[in-house]
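Structure first, then comments.
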Amino acid sequence: MRIVFMGTPDFAVPTLEALVHAAHEVVCVYTQPPRKAGRGKKLQPTPVHAAAERLGIEVRHPASLKPQEEKDAFAALEADVGVVAAYGLILPQAVLDAPKHGCLNVHASILPRWRGAAPIQRAILAGDSGTGVTIMQMEAGLDTGPMLATVRTPIAGKTAGELTDELAQKGAQLMVGTLRDLAIHIPVEQDDADATHAPKIDKAEARIDWSQDAAQVERQVRAFTPWPGAFFEHEGERVKVLAAELADGSGAPGTVLDEALTVACANGAVRLTRVQRAGKPAMDTADFQRGRAIAQGAVLS
């Protein structure tokens, strides 16, 4: 098929690569504009931009698709289908309608649960037992279009980073299979009554609230690994928690119960197993405690 691909982060790269490997003709890639990053604040292309250049595909990165000239330029590509994976820009109706078969989206949840920008993190935070990927026919609403295919996977203690990598691969293969069998797929309408919203992650959410149950704190650590990183503050220093596990123990919320950094929560406790001081490398808790240790009895903010 003649495809226009639209995506931005690492999550979208496997789908782009899978389309090329499946011998589809990806005539153009749309991605978000380069942004300043790193110490030098130099403009950095998105992961999808870099992958498209490596594959020898034309790249466009308009700041918006609303101008008429952008809509016309998209329509002029005469695509059979638009494939979208975490693009990050709103597609006007004219863009959605331009390809022969419309635009299909790779969404990282089993819709209609977790419509929105952060479905993976929200599924972990909510304690969902599983999640997956949905291939959806796009329409004007936020992730409201009819579903063409799904694939499921257990969450089973995975971090957001691990789950993102897994779903990126599953989504890529599911999209290839959906396009192969597009003529026989029967769209299934979503039940809006079952919908939940997955809003964008606010960095402030990553501050650990020890007054929660231990299970919720452990989920918070996994949901915000690797970004933005769950954290607490102690003696004016911010410490990220990269891994934690449920542990026995009780006490006032935030109290360090032992030298292994077991911390009391409202109900139960968590043991912090991998942490990182600001500006320092990540390390296992045993190594962390051999340095400037956090003493038993300390209360973490």
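These figures come from a predicted structure and were not determined experimentally.
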Is the closest side-chain heavy-atom distance between Y30 and L65 below 4.5 Å? yes
Could you tell me if the side chain of V83 sits less than 4.5 Å from the side chain of C103, heavy atoms only? no
Is a donor from one side chain sitting under 3.5 angstrom from an acceptor on the other, for H49 and E53? yes
So, taking the atom named CG in D213 and the one named CD in E218, what distance separates them when rounded to the nearest 0.5 Å? 12.5 Å
Under 4.5 Å between side-chain heavy atoms, counting indirect links through other Ile/Leu/Val/Met/Phe/Trp/Tyr residues: same cluster for Y87 and I57 or not? no
Between F288 and V239, is there a side-chain heavy-atom distance shorter than 4.5 Å? yes
Is Q44 close to P34 at the side-chain level, that is, under 4.5 Å between some pair of heavy atoms? no
For residues P228 and I201, determine if any side-chain heavy atom of one lies less than 4.5 Å from a side-chain heavy atom of the other. yes
Going from OG1 on T164 to CD on Q169, what distance comes out if it is rounded to the nearest 0.5 angstrom? 12.0 Å
Inspect the contact between R122 and D128 and indicate whether a charged nitrogen and a carboxylate oxygen are less than 4.0 angstrom apart. no
More than 12 heavy atoms of other residues, nucleotides or ligands under 6.0 Å from CG of D191: is that the case? yes
What I'd like to find out is whether the side chain of Q190 reaches to under 4.5 Å of the side chain of M136, using heavy atoms alone. yes
Return the CZ to NZ distance between R277 and K240, rounded to the nearest 0.5 Å. 15.0 Å
About how many Å separate CD of Q216 and CH2 of W210, when rounded to the nearest 0.5 Å? 13.0 Å
Between L77, V95, V26, which is the residue that forms a side chain to side chain contact (heavy atoms under 4.5 Å, CB included) with V4? L77
If you count every heavy atom of other residues, nucleotides or ligands that lies below 6.0 Å from R152 atom CZ, does the total exceed 12? no
Path from V84 to L179 over hydrophobic side-chain contacts below 4.5 Å: no
Enumerate the residue pairs fulfilling salt bridge (Lys or Arg N to Asp or Glu O under 4.0 Å) with a member in residues 71-88, sequence neighbours excluded, ordered by first and then second residue. none
To the nearest 0.5 Å, what is the distance between CD on E235 and CG on L300? 10.0 Å
Side-chain heavy atoms of M1 within contact of E25, under 4.5 Å: no
Rounded to the nearest 0.5 Å, what separates atom CZ in R219 from atom CD in Q212? 9.0 Å
Is it true that E233 and R207 have a side-chain N and a carboxylate O under 4.0 angstrom from each other? yes
Using links of under 4.5 Å between side-chain heavy atoms of ILVMFWY residues, direct or through other members, which residues join I110 in one cluster? none
Would you say P99 and F74 make side-chain contact, with heavy atoms under 4.5 Å? yes
Verify the neighbour count for atom CD of E259: are there more than 12 heavy atoms of other residues, nucleotides or ligands below 6.0 Å? no
In this structure, are over 12 heavy atoms from other groups packed under 6.0 Å from I90 atom CD1? no
Say whether, by atom type as modelled, one donor and one acceptor occur between the side chain of Q296 and the main chain of L261 under 3.5 angstrom. no
Taking the six-membered ring for Trp, is the centroid-to-centroid distance between F231 and F224 below 6.0 Å? no
